[in-house]
Amino acid sequence: MIFIRKKIIEKIKKEAKYIFPNECCGFLSGLKNKNIYMIDDYHSCKNISRKPAQEFRIDPIYQIKLQKKLRTISKNILGIYHSHPNGNINLSKKDIYFFNDINLLWFIIALSKKKYSNILVYMKKNNVNDEFLTCEYHIKNEKFFKR
Ligand SMILES: [Zn+2]
């Protein structure tokens with residue numbers, strides 16, 4: 001079960017439009033308890049790919065720094081998001097190649113004509129083969145945790 005704050009959905013959709021025709025990317029963080037994901041924050045990253053209109057790459061140093069920062073507030077990276085400016089909601093071949101972590105959710109924001117965006121969430125089924133599940137997510141209006 002996936003819960004995500006409404007504000008985050010709005011912000012990442014906005015970011016996808018703003019960065020168009022390039023792909024935007026970033027992390028989603030929060031707490032996971034067994035199979036329940038509670039996503040309460042997002043962390044936008046610079047797409048460091050040399051072909052940012054066709055793929056995304058996140059600076060690994062940024063990821064390590066973010067992980068450390070989140071650990072100090074007892075949170076974790078729960079997912080990655082990125083946009084598909086070509087409107088395709090499916091995982092690309094490259095996405096599948098880099099999709100290795102079965103605990104990480106992948107949010108794809110597909111844009112069509114820069115105007116309409118659609119989000120689909122993927123999870124890797126197991127470590128053996130490239131099988132993915134699409135997941136439903138539930139939107140929450142409020143913050144999960146008080147700081
Ligand atoms: Zn992609």
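Values below: all heavy atoms of this structure, side chains included; hydrogens, waters and symmetry mates excluded. Note that ligands are numbered from 1 as they come in the structure, with each ligand's atoms numbered from 1 the same way.
Asp41 has no carboxylate O lying under 4.0 Å from a charged side-chain N of Arg5, or vice versa, which leaves the two without a salt bridge.
Counting only residues at least two apart or on different chains, no salt bridge (Lys or Arg N to Asp or Glu O under 4.0 Å) pair has a member in residues 19-39. Listed by first and then second residue, the salt bridge (Lys or Arg N to Asp or Glu O under 4.0 Å) pairs involving residues 46-71 are Glu55-Lys94 (not counting sequence neighbours).
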Which atom pairs, one a donor and one an acceptor, fall under 3.5 Å between side chains of residues 117-125 and the rest of the protein, sequence neighbours left out?
{"residue": "Tyr122", "atom": "OH", "partner": "Ile89", "partner atom": "O", "Å": "2.8"}
{"residue": "Lys124", "atom": "NZ", "partner": "Phe99", "partner atom": "O", "Å": "3.2"}
{"residue": "Lys124", "atom": "NZ", "partner": "Asp130", "partner atom": "OD1", "Å": "3.2"}
{"residue": "Lys125", "atom": "NZ", "partner": "Glu131", "partner atom": "OE1", "Å": "3.3"}

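If you take CZ on Phe56 and OG on Ser49, they are separated by 10.0 Å, rounding to the nearest 0.5 Å.
Any protein N/O/S atom under 2.8 Å from the Zn ion (ligand 1) was counted, giving 4 altogether.
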Legend entry - Working for side chain to side chain contact (heavy atoms under 4.5 Å, CB included), residues Met1 and His138: CA-CA 8 Å; Met1 194 100 106; His138 307 274; 3.6 Å; yes
